[in-house]
Amino acid sequence: MLLPKNPYNGPLAGIHVQRLPVVDVLERPVRDLRISVTDRCNFRCRYCMPREHFGQDHVFLDRQHLLTFEEILVVVKAAMGAGVTKVRITGGEPLLRRDITTLISMIREEGPDLDIALTTNGALLAQHAQSLKAAGLNRVTVSLDAVNLQVFQAMADTDRFTPTDVLNGIAEARQAGLGVKVNAVVKRGVNDNEVLPLAKALEQHRVPLRFIEFMDVGSTNAWSMKEVVSGAELRQVLSNAYGPLEALPAKQAGEVSKRYVTAGGREFGFIESVTAPFCGGCTRLRLSADGALFTCLFASKGHDLKAMLRWGADVTAIREAMTGVWQQRRDRYSMDRTEETATEPKVEMSYIGG
Ligand code: SAM
Ligand code: SF4
Ligand code: SF4
């Protein structure tokens, strides 16, 4: 039997070893690493970074506290050794991190077979799409909550960017040969009447549109269950317009989006983290911009890898720390969510990476 080559630079570097999958307390393997490269953003989405909490006087991470690309690479190598096959670059807005394409090429060089994706608000995507593809990025997920200018600008709390900027970014990304998916968070009374206009505007781009239920991430977005529009409700709206939707089987284990298709072949996805949580298949590990490891989007504290890295820890040491953290993991926040847990202190999504 051909055994996988040891991918990290410990004492067994280069030697073929059989490694058992690293699983947590609930038997979930670690498969995905989400890397936040910055806590800054050029939007102030009301559901993520409301301006009253992230205004002029908000103190963002100082450059010296951000992990360097070399440090991030050590974490990526360690994660590959623990079983990670997918890496997602996120933030904050990842396209604000200087030379982000350099990080992508570094990761690509280390993992020729890695699936590398990036989540962006799309505002700066048109100018970066070609170089992201050339650096080795496979896919982008673009967030777009409305095509109506007023609704878009109210939700993102911006007067600098427009839905056209994002749609141009989507077009450029496709042109460059990147895989593209679009995500829309729906809030009742805010953009629920944008569901069909969004579907129509994206028709010509031929990209899957996925709807995300508004979540109680962080401690600043004044979440309320009343503002959550469920996936079931959205499917009803779409089937009134497009005819019955047929459920598609999951492409792979742990897929968070439930996919549906119309008779005309249009695909829609639903990420129902509130009304149909999927913690049972959650294989995601998160690295914050300042190098803390989080095992759940709703965690209140992480595990500091930056200190280890700056004390000279190598890939093996980081992999062992990571494995230890994962093996202790028992997170299932969304499955235990109540109106009470929603008010508990949690780390902000722009910091931990969405
Ligand atoms: N700035 C990039 C963007 O917006 O795509 C990447 C980071 S953002 C935190 C990642 C994703 O989280 C976006 O799709 C955003 O819509 C989603 N998100 C942020 N806050 C959310 C919330 N309260 N509920 C649901 N999704 C949220
Ligand atoms: Fe920025 Fe993305 Fe958060 Fe919106 S969702 S404020 S674009 S990080
Ligand atoms: Fe994973 Fe935590 Fe979300 Fe559950 S609540 S799916 S454990 S990130």
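We count ligands from 1, going down the list as the structure has it; atoms in each ligand are counted the same way. Only a predicted model underlies this, so the values are computations on that prediction, with no experimental measurement involved.
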Student: Among E213, E348, R88, E227, which one has a heavy atom closest to atom 25 (C) of ligand 1?
Tutor: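 Closest candidate by heavy-atom distance is E213.
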Student: Using only heavy-atom distances, determine whether the side chains of E172 and N168 contain a donor-acceptor pair under 3.5 Å.
Tutor: no
Student: Nearest protein heavy atom to atom 4 (Fe) of ligand 3, by residue and atom, and its distance?
Tutor: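 Scanning the protein heavy atoms, the shortest distance from atom 4 (Fe) of ligand 3 goes to C279 SG, 2.3 Å.
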Student: Check ligand 3 against Y333 and write out every atom of the ligand that is under 4.0 Å from a heavy-atom position of the residue.
Tutor: 5 (S)
Student: When only distance counts, is D145 in polar contact with ligand 1, meaning an N/O pair under 3.5 Å?
Tutor: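 Such a contact does not occur with ligand 1.
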Student: Nearest protein heavy-atom contact for atom 12 (O) of ligand 1: which residue, which atom, what distance?
Tutor: M349 CE, 3.1 Å
Student: Pull out every atom of ligand 1 sitting under 4.0 Å from any heavy atom of E93, numbered as shown with elements.
Tutor: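 Those of ligand 1 that fall under 4.0 Å from E93 are 1 (N), 2 (C).
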Student: Hey, does T90 come in under 3.5 Å of ligand 1, counting only N/O atoms on both sides?
Tutor: no
Student: For the backbone of H205 and the side chain of R174, can you confirm whether one donor and one acceptor N or O come within less than 3.5 Å of each other?
Tutor: yes
Student: Does a side-chain N-to-carboxylate-O contact under 4.0 Å join R97 and E93?
Tutor: no
Student: Considering both backbone and side-chain atoms of T119, is one of its nitrogen or oxygen atoms within less than 3.5 Å of a nitrogen or oxygen in ligand 1?
Tutor: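 No, since none of the N or O atoms of T119 sits under 3.5 Å from an N or O of ligand 1.
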Student: Looking at D159, I'd like to know if its CG atom is crowded, meaning that more than 12 non-hydrogen atoms belonging to other residues, nucleotides or ligands lie closer than 6.0 Å.
Tutor: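 Atom CG in D159 is not crowded, with 12 or fewer foreign heavy atoms closer than 6.0 Å.
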Student: Say whether R337 and S334, considering side chains only, have a donor N or O and an acceptor N or O under 3.5 Å apart.
Tutor: yes
Student: Which residue owns the protein heavy atom closest to atom 5 (O) of ligand 1, what's the atom, and how far is it?
Tutor: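 Answer, as residue, atom name and distance: S143 OG, 2.6 Å.
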Student: Counting only nitrogen or oxygen atoms and a 3.5 angstrom limit, does V217 reach ligand 1?
Tutor: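 So ligand 1 has no N or O lying under 3.5 Å from an N or O of V217.
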Student: Within ligand 3, which atoms have a heavy atom of F298 less than 4.0 Å away?
Tutor: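 Matching atoms, with element in brackets: 5 (S).
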Student: Which ligand 1 atoms, with their elements, are less than 4.0 angstrom from a heavy-atom of G92?
Tutor: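 Atoms satisfying the 4.0 Å criterion: 1 (N), 2 (C), 6 (C), 7 (C).
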Student: Taking atom types as modelled, is there a side-chain donor on T141 or R210 under 3.5 Å from an acceptor on the other?
Tutor: no
Student: Within a 6.0 Å radius of atom CD on E246, are there more than 12 heavy atoms belonging to other residues, nucleotides or ligands?
Tutor: no
Student: Out of all atoms in ligand 1, which are within 4.0 Å of some heavy atom of T120? Include the element for each.
Tutor: 2 (C), 3 (C), 5 (O)
Student: For atom 3 (Fe) of ligand 2, find the nearest protein heavy atom and state the residue, atom name and distance (0.1 Å precision).
Tutor: C48 SG, 2.4 Å
Student: Validate the cation-pi geometry between R235 and F270: distance from NZ or CZ to the six-membered ring centre under 6.0 Å, angle to the ring axis within 45°.
Tutor: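 Judged by the rule, R235 and F270 form a cation-pi pair.
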Student: Could you check atom 7 (S) of ligand 3 against the protein and tell me its nearest heavy-atom contact, residue, atom and distance included?
Tutor: D331 O, 3.6 Å
Student: Do you see an N/O/S atom of C282, backbone or side chain, under 2.8 Å from atom 4 (Fe) of ligand 3?
Tutor: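 Checking atom 4 (Fe) of ligand 3 against C282, no N, O or S atom falls under 2.8 Å.
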Student: Quick test: of every protein heavy atom, which one is nearest to atom 8 (S) of ligand 3, and how far off is it to 0.1 Å?
Tutor: L297 N, 3.3 Å
Student: Give the residue and atom name of whichever protein heavy atom lies nearest to atom 10 (C) of ligand 1, and the separation in Å to one decimal.
Tutor: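 Its nearest protein heavy-atom neighbour is G354 CA, 3.8 Å.
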Student: At what distance is the nearest protein heavy atom to atom 2 (Fe) of ligand 3, and which residue and atom is it?
Tutor: C296 SG, 2.3 Å
Student: Under 3.5 Å, is there a donor-acceptor pair linking the side chains of D331 and T295?
Tutor: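 Judged by distance alone, the side chains do pair up.
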Student: Find all atoms of ligand 3 within a distance of less than 4.0 Å from any non-hydrogen atom belonging to S334, and give their numbers and elements.
Tutor: 5 (S)
Student: Just need the protein heavy atom nearest to atom 26 (N) of ligand 1, so name the residue and atom and give the distance.
Tutor: V185 CG2, 3.4 Å
Student: Testing the 3.5 Å rule here: is there a donor-acceptor pair between the side chains of T275 and E213?
Tutor: yes
Student: Check for a donor-acceptor pair, side chain of D39 on one end and backbone N or O of L61 on the other, with a separation under 3.5 Å.
Tutor: yes
Student: Record the part of C45 in heavy-atom contact with ligand 2 below 4.0 Å; permitted values are side chain, backbone, both and neither.
Tutor: both
Student: Set out, in order, the CA-CA distance, both residues' side-chain angles and the distance that settles side-chain hydrogen bond (donor to acceptor under 3.5 Å, both in side chains) for Y333 and D216, then state yes or no.
Tutor: CA-CA 11 Å; Y333 177 88; D216 50 326; 2.6 Å; yes
Student: Which of the atoms in ligand 1, numbered in the order shown and given with their element, are less than 4.0 Å from a heavy-atom of N221?
Tutor: 23 (N)
Student: Hey, does the Lys NZ or Arg CZ of K187 hover above the aromatic six-ring of F214, less than 6.0 Å from the centre and inside 45° of the axis?
Tutor: yes
Student: Is it true that atom CZ of R51 has more than 12 heavy atoms of other residues, nucleotides or ligands lying nearer than 6.0 Å?
Tutor: yes
Student: Tell me the protein heavy atom at minimum distance from atom 1 (Fe) of ligand 2, and give that distance in Å.
Tutor: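 Protein heavy atom at minimum distance: C41 SG, 2.3 Å.
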Student: Tell me the protein heavy atom at minimum distance from atom 24 (N) of ligand 1, and give that distance in Å.
Tutor: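 Checked against all protein heavy atoms, atom 24 (N) of ligand 1 sits closest to M215 N, 2.9 Å.
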Student: Any salt bridge linking D157 with R44? Criterion: basic side-chain nitrogen under 4.0 Å from a carboxylate oxygen.
Tutor: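 No, this pair does not count.
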Student: Of all the heavy atoms in S143, does at least one lie under 4.0 Å from an atom in ligand 2?
Tutor: no
Student: Among protein heavy atoms, which lies nearest atom 21 (C) of ligand 1, and at what distance?
Tutor: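 For this ligand atom, the closest protein heavy atom is Y47 CD1, 3.5 Å.
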Student: Between R188 and E233, is there a salt bridge with N-O shorter than 4.0 Å?
Tutor: yes
